[in-house]
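Model, not experiment: these values are computed from the prediction. Convention: sequence-line order gives letters A, B, ...; per-chain numbering from 1.
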2 protein chains.
Amino acid sequence: MITFKEAYQKVLKHRLNFGEEEVQLMDSLNRILAEDILADRDFPPFDRATKDGIAIQFSSLLETEHAFIIEGEAAAGVTQQSLINIGNCLEVMTGAVVPQNCDTVVMYEHITIADNKVTINEKVTKGQNIHYKGSDEKAGAVVLSKGIKITPAEIGVLASVGKSVVNVKVNPKICTIATGNELVEVDQLPEPHQIRKSNMLTIEAALLNSTIASSSLHLLDDKEIIRTKLEKALVENDVLLLSGGVSKGKFDFIPDVMESLGVEKVFHRVAQRPGKPFWFGVHAKLNTVIFSFPGNPVSTFANYHLYFLPWLHTSWGIQLDNLYIKLSVPMRIMPPLTRFVHVKTEFKEGAVWGTPVVENGSGDLTSLAKADGFICLEPKENAYEVGEVVRFIKTR
Amino acid sequence: MITFKEAYQKVLKHRLNFGEEEVQLMDSLNRILAEDILADRDFPPFDRATKDGIAIQFSSLLETEHAFIIEGEAAAGVTQQSLINIGNCLEVMTGAVVPQNCDTVVMYEHITIADNKVTINEKVTKGQNIHYKGSDEKAGAVVLSKGIKITPAEIGVLASVGKSVVNVKVNPKICTIATGNELVEVDQLPEPHQIRKSNMLTIEAALLNSTIASSSLHLLDDKEIIRTKLEKALVENDVLLLSGGVSKGKFDFIPDVMESLGVEKVFHRVAQRPGKPFWFGVHAKLNTVIFSFPGNPVSTFANYHLYFLPWLHTSWGIQLDNLYIKLSVPMRIMPPLTRFVHVKTEFKEGAVWGTPVVENGSGDLTSLAKADGFICLEPKENAYEVGEVVRFIKTR
């Protein structure tokens, strides 16, 4: 049995490259940017008025105190206007090009207009209320770097530089596979010895939150059927995520069948709780990676976040955040297992505190809905103390 | 001009009720649960073996030390088996019903099998490796309470109790409205005095991350066109989100047109930066709420998170988390404006620290992509100190 750290490193070593693809701008939301994005022009593209008011030449203020005759107006969305007499002014609107021969904008709140003449009532600073051409970004500057997740803020930047089509990382083809004769569909009434499929629906939902639409299979405990379906699934997918069928049971055919289909077992069983009977394999020829999770909900959910998500992000070429929080109760973790404990988190005085969720073993589904994530606790001689900083794996 | 706090309270006061609707289980992901969810049976629904091995009656261990003859097997997904001779055992698989006359499960790792007889090699505790019927939840217990966001963990719980259709809060009908003659489409090459539409695409993307698909409009600076289009939009939507057109400019017709269409102005302009020229109104008869944001990207993005999102969550009957982080640099905020400062956050020693992002005024779009959110700083006499705890509004 290998340690969590060894298992984690082995999983990451088998990262894949799914390639890149072009998608429409709005479809790139929450995807991983696969190209550096350059400013196609200066930003702002012109000296831009940031207030509604008048545009003047500052030097004319210095000469003699005078009222400014309004020559005309410069609206947003029209070509650059020009001030003819530099002692005059032009009305100017937010977003408009600052007119030629003007270098300063005074907002309506600071002026009085009478008879087409403007009196300025407040102190004016040369260059005020102008957002200068290229002051945010020069044409050609990298405004977004590849390898980031595209959030709403990045959608705005992409739109600004004219990226109606965006190059993003391809999502892997994933099949989620439930195993076991005891499982029935959600809309069925289970017999007393049956339970509804839930485990892989949780995983399908988690994948959707990573923008991945997966396919799904349910394998009954029949070695021949398992073999036929897995053979097809290995060819058609980059990743198989299985739940159940990797314990020591008589109907746990998965490891045998996998190996007979050319899948190399990388490891089976990890010194951790929950999630110990985790089986991980790769089909080198087909370039398919297989995560076979233990069958209970908490183990599957934990291992999805502990192994699959970091693998996915590594394959995309990006890092998951390393989060650390404070423990709100003391805990003692004895060797040999690395423990992952559900916690509810709370922001208090600028720190994030984690409190273990009361649970009833790794079969307890409802406990997942009470938690915000897992803390990772390596065994050690002394107890973990209140306030001790521990690694946190977010699941919500 | 009212304060941020006053404006915030006025916005929340005008919450709406969009009602409830039934959706398919997987479509409920990230929606707001509108019903309490009860366990339809005990969880687990039967005394469930949690290990592969043998099931025995513990008392038979005490009588005489003996090998256990294997009578048969109890697989997962079959009806409850029965041990006939209580000195014997049944093989049992993870997920199976513990057989009648058995009360203890011993895993394969702790036994030796030879000639259909089992020798137990480790100490056994009565009742071990059994997940008892109803020990997680009793039938009828509330397993999820209404008013929570449905994440993957909740999808699993809903599936377990047979909710193939889920009652969720209805999403509001929202139209995002860009204004201004200077705007061109993303795939167009702008003239020197034009810019591409980006602001409302950011908002559309943010809405999508709240599961809301919005419609959109672009209003040119023509009072009659604005009137006609707004009249229709007011009827067809619960919410209008506008950007631009609420400053003091000559073409800022929106407030006038709104009022002529029966919209009551609740307030215009808030003592805050960015986002000062924010206009908020309601059409009481049509039950439509109008958020008219200033036209620059940072102001729109800030006010979306400061006002619209809390309003949306209040309308759904749920609360947004109140987050607090630590300031990594000193800052001085002079009266009278409440300041919202972009920050990049970092987890350090269990605390979250916020560092202001270098930005170039509220027209600077790329700064949004560098930040994780805004901190809220009320003006005060003394400077904010390093490590001071401040309110944080997450935007990523």
Side-chain angles (χ1 to χ4, degrees), chain A residues 25 29 46 50 52 75-80 93-95 97 108 131 135-137 143-144 151-157 159-160 162 164 180-182 186-187 192-193 196 198 201-202 205-206 208 247-249 251 297 323-326 347 349-351 360-361 363-366 368-369 389 396, chain B residues 25 29 46 50 52 75-80 93-95 97 108 131 135-137 143-144 151-157 159-160 162 164 180-182 186-187 192-193 196 198 201-202 205-206 208 247-249 251 297 323-326 347 349-351 360-361 363-366 368-369 389 396:
Chain A
L25 174 58
L29 181 63
F46 45 83
T50 65
D52 302 306
V78 300
T79 54
Q80 189 181 29
M93 305 302 140
T94 304
V97 186
Y108 281 128
H131 189 182
S135 61
D136 289 350
E137 302 291 348
V143 289
L144 296 175
T151 73
E154 283 79 20
I155 291 285
V157 177
S160 297
S164 57
N181 289 349
E182 72 275 28
V186 174
D187 58 2
H193 56 280
R196 296 190 184 89
S198 64
L201 292 178
T202 302
L208 282 174
S247 306
K248 301 250 169 180
F251 303 103
L323 304 180
Y324 291 87
I325 64 173
K326 292 187 177 187
F347 271 74
E349 294 298 304
N360 181 29
D364 182 357
L365 176 66
T366 57
L368 291 179
V389 173
R396 183 174 295 268
Chain B
L25 173 60
L29 181 64
F46 45 81
T50 64
D52 302 306
V78 300
T79 54
Q80 188 182 29
M93 305 303 139
T94 303
V97 186
Y108 282 129
H131 190 184
S135 61
D136 289 353
E137 301 292 348
V143 290
L144 296 175
T151 75
E154 283 79 22
I155 291 286
V157 177
S160 297
S164 57
N181 289 349
E182 72 273 30
V186 174
D187 58 2
H193 55 281
R196 295 190 185 90
S198 64
L201 292 178
T202 301
L208 282 175
S247 305
K248 302 250 172 181
F251 303 103
L323 304 180
Y324 291 87
I325 64 173
K326 292 187 176 188
F347 271 73
E349 294 298 305
N360 182 30
D364 183 356
L365 176 66
T366 58
L368 290 179
V389 173
R396 184 173 295 267

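Pairing each heavy atom of A:Y324 with each of B:F347, the nearest pair is O-CD2, 3.1 Å. For the residue pair A:M93 and A:Y108, the shortest heavy atom distance occurs at CE-OH, 3.4 Å.
Counting heavy atoms from C-beta outward, B:N181 and A:V78 have side chains that stay 4.5 Å or more apart.
Chain A forms the most heavy-atom pairs under 4.5 Å with one residue out of B:V186, B:L208, B:L201, and that residue is B:V186. Taking B:A206, B:G95, B:A351, B:P152 one by one and counting their heavy-atom pairs under 4.5 Å with chain A, the maximum is reached by B:P152. With chain B as partner, the option from A:R396, A:R196, A:E137, A:E182 having the largest number of non-hydrogen pairs under 4.5 angstrom is A:R196.
Here the CG-CD1 distance, from A:L368 to B:I155, works out to 13.0 Å after rounding to the nearest 0.5 Å.
Both the backbone and the side chain of B:T79 come within less than 4.5 Å of a heavy atom in chain A. Residue B:V389 touches chain A through its side chain alone, counting heavy-atom pairs closer than 4.5 Å. Only the side chain of B:L29 comes within contact range of chain A, with at least one heavy atom under 4.5 Å from a heavy atom of that chain.
Put simply, the side chain of A:T94 gets close to the backbone of A:D52: a donor and an acceptor are under 3.5 Å apart.
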